[in-house]
Each structure stands twice: as C-alpha cells, then as structure tokens.
Amino acid sequence: GILHGMAGWFDISLNIENNIKINTGPFSAPTHWNLTFFPIKNFLNVLKGDQIHFYCKNYSTGLSTAWEWTVEMKRKKKSIYQTLHSTELY
C-alpha cells in the first residue's frame, strides 16, 4: 500500500477511581481535541514485511508548540527511507 503519513491520538485516564477518561481515537466520541495527522513529504510504497518506525516529539515554548517527527522505513532490516518533519503551532 501507499503510506501518506501517520495518524495520532491519545487515551488518558485522569482519575482511575471515578473512571474519568479521555480518548481521542477514531472510534471514540468526538472531543475538541481532534485526531492529528503527521504527513510525510514523499509517499512510501510499503510492502508486506516492511517495518515503519515513527518517532514524535513535542516542544512547548510559551504560547507556541512545536512538533517534530521522523519516519523511517526498513525493508529486510535495512533502512531504505528516513525523513524529518517539523511544524510550529501558535
């Protein structure tokens, strides 16, 4: 298949005793926090057995938030693609 990017969401328990949870996943009730899409510049043709490694970091500085993500694809244990992306939100 073709890989265009990675989707992200979170699932958190705020209070286990009272069962207070927030889940922003694709099968959960909508919240004001949406799913996040982390695009990659060059689409990847992924074959059965390929490994996709996704690393994501978040940096908050004052009023802005920066995201940095790396996508690496390995085929037969050899890295054949790696890219770094970043964005800043205000």
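Note: hydrogens, waters and symmetry copies are ignored here, and every other heavy atom, side chains too, is used. Here, residue 1 is the first one in the sequence, and each next residue gets the next number.
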With clusters defined by side-chain heavy atoms of hydrophobic residues (ILVMFWY) lying less than 4.5 Å apart, directly or transitively, does Y81 cluster with I52? yes
Do L35 and P26 touch side chain to side chain, with heavy atoms closer than 4.5 Å? yes
pair Y55-W69: side-chain heavy atoms closer than 4.5 Å: no
Does I40 belong to the same Ile/Leu/Val/Met/Phe/Trp/Tyr cluster as L84, with side-chain heavy atoms less than 4.5 Å apart forming each link? no
Contact summary for E72 and S79, nearest pair of heavy atoms: OE2-OG, 2.9 Å
For a quick test of reading the model, state the closest non-hydrogen atom pair linking T31 to W33 and the distance between them. OG1-O, 2.7 Å
I want to check something: taking the side chain as every heavy atom from C-beta on, are L14 and K21 in contact at a cut-off of under 4.5 Å? no
Output the distance between atom CG (N23) and atom CD1 (I12), rounded to the nearest 0.5 Å. 11.0 Å
Flag side-chain contact, heavy atom, 4.5 Å: R75 against L47: yes
Apply side chain to side chain contact (heavy atoms under 4.5 Å, CB included) to the pair I2 and H4, showing each step before the final yes or no. CA-CA 6 Å; I2 304 296; H4 298 268; 3.5 Å; yes
Are any of the side-chain heavy atoms of E68 and H85 separated by less than 4.5 Å? no
Closest heavy-atom pair and its distance - S60, T65: OG-OG1, 3.8 Å
Using 0.5 Å steps for rounding, measure from the CD1 atom of I22 to the OG atom of S13. 10.0 Å
To the nearest 0.5 Å, atom CE of M73 lies from atom CG of L44 at 5.0 Å
When rounded to the nearest 0.5 angstrom, what distance separates CG in D11 from OG in S28? 7.0 Å
Separation of I80 CD1 from D50 CG (nearest 0.5 Å): 5.5 Å
Supply the atom-to-atom distance Q82 CD to K74 NZ, rounded to the nearest 0.5 angstrom. 9.0 Å
With ring centroids as reference points, do W67 and Y59 lie under 6.0 angstrom apart? no
Counting only N and O atoms by type, is there a donor-acceptor contact under 3.5 Å from the side chain of N18 to the main-chain atoms of N15? no
Are F38 and V46 connected, step by step, through hydrophobic side chains (Ile, Leu, Val, Met, Phe, Trp, Tyr) whose heavy atoms are closer than 4.5 Å? yes
